[in-house]
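Notes to accompany the following structure.
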Amino acid sequence: MCEKKVCIYCLKDSSNTRNLEHVIPEALGCKDTLPKGTICDSCNSYFPNMDKNVLYNRYISLHVGTAEIPGKKDKIRKQLGEKLFFPKKGEFQIVLPGTIPAGELQPGMEIDFKIEQSKEFKELLFARGIHKIAFNCYAYKFGQSNALQNRFDNLRRYIRYAKTNELWTYGVRDSHSTANRSCSTLYETDLGPYVGLRLLSLDFFVSLTGWRHELEAEIIKNGYDIISRRGQWGSSSLLGLQK
Ligand SMILES: [Zn+2]
């Protein structure tokens, strides 16, 4: 006889679940999955669009391409969305602005360029995607019964059923590291549980029970930008890639 299980996102019966959810999307190089029944099949089939949108972030997609992170069936992908192609193995094509004549290019010369954000990228969905991955990491580490605590009810509602314009604040910085391409660290603080999430070249700082402004000064001191409204990913010179 099966033990009754409840999905950590929709709180419905997940005892007869068939599919497995990756803790961090497989496309980011993670093979670990949550135990069967942690997430129901309905939520599991709702999340792929959210995960794909995380990949559309310009810094993450650039890294997925240049680091040749294998996708499903360990195949190196050649394309992300409609706009970003990885033409050859070990090569990433960047079209420079037409302001520098080719003859003036010198080795070691610094050039400003902008990586366009894919039009398919949705910032509000991205924020939910980051929270979903962070909550998956929590459930992976502390188990399903802990993830079912009432204090996470707002979080699961936000991730699974957010209203159109809702954006939960989070922190992001350049990780300046190629070690541990995807990993998470969990902090229990007086102001609630937080997850430090590394996704390839980016570090995220995510609250699991709602953002507390008291923490911001400390987070900024540690090099994070605070994403608190729509439009920041599209326009900012985040993370030193473009100044
Ligand atoms: Zn569910």
Side-chain angles (χ1 to χ4, degrees), residues 1-57 60 71-73 81 120-170 182-188 192-200 202 204-211 227 230:
M1 215 180 102
C2 268
E3 190 190 338
K4 189 167 188 294
K5 292 198 163 175
V6 172
C7 170
I8 63 167
Y9 285 100
C10 66
L11 300 179
K12 290 176 187 157
D13 187 353
S14 60
S15 313
N16 300 314
T17 295
R18 298 154 68 141
N19 297 316
L20 288 171
E21 162 87 358
H22 281 84
V23 183
I24 292 172
E26 194 178 12
L28 301 180
C30 175
K31 298 287 175 209
D32 296 329
T33 54
L34 291 167
K36 229 174 211 181
T38 309
I39 293 181
C40 74
D41 285 340
S42 165
C43 289
N44 187 275
S45 64
Y46 177 80
F47 287 140
N49 267 343
M50 199 178 266
D51 291 344
K52 197 161 78 178
N53 185 65
V54 169
L55 245 68
Y56 284 158
N57 174 283
I60 292 179
K72 281 202 191 312
K73 296 182 185 159
E120 291 157 278
F121 178 70
K122 298 183 179 82
E123 290 194 50
L124 295 173
L125 190 60
F126 183 79
R128 289 166 65 200
I130 293 303
H131 283 81
K132 193 266 286 186
I133 297 169
F135 192 41
N136 276 0
C137 291
Y138 179 93
Y140 186 67
K141 183 159 184 186
F142 295 109
Q144 191 167 5
S145 56
N146 277 312
L148 287 168
Q149 293 170 73
N150 297 342
R151 63 178 178 152
F152 300 125
D153 283 355
N154 269 339
L155 178 70
R156 52 184 133 253
R157 180 203 51 76
Y158 170 63
I159 294 167
R160 187 65 172 85
Y161 306 107
K163 295 194 186 76
T164 327
N165 277 320
E166 200 174 351
L167 188 147
W168 278 30
T169 301
Y170 58 92
S182 293
C183 65
S184 67
T185 318
L186 291 114
Y187 309 96
E188 279 287 350
Y194 288 83
V195 176
L197 190 64
R198 172 163 299 168
L199 300 180
L200 308 179
L202 299 180
F204 294 90
F205 193 79
V206 180
S207 165
L208 298 181
T209 50
W211 191 258
I227 303 286
R230 202 171 175 184

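Every heavy atom of this structure was used, including side-chain atoms; hydrogens, water molecules and symmetry mates were not. The residues of the chain are indexed from 1 along the displayed sequence. First listed ligand is number 1; within each ligand, the first listed atom is number 1.
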Query - side chain to side chain contact (heavy atoms under 4.5 Å, CB included) evaluation trace for S14 with T38 - result: CA-CA 7 Å; S14 60; T38 309; over 6 Å; no
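Neighbours of the Zn ion (ligand 1) restricted to protein N, O or S atoms under 2.8 Å: the count is 4.
For the residue pair Y9 and N44, no side-chain donor N or O sits within less than 3.5 Å of a side-chain acceptor on the partner.
Classification of the Y158-H131 ring pair by plane angle, with boundaries at 30° and 60°, yields perpendicular.
Annotation for R151: atom CZ counts as buried by contact number, over 12 foreign heavy atoms lying within 6.0 Å.
The backbone N or O of Y56 lies less than 3.5 Å from no partner atom in the side chain of E120, so there is not a single donor-acceptor pair.
Judged by a 6.0 Å distance limit and a 45° cone about the ring axis, R156 is not positioned over the six-membered ring of F135.
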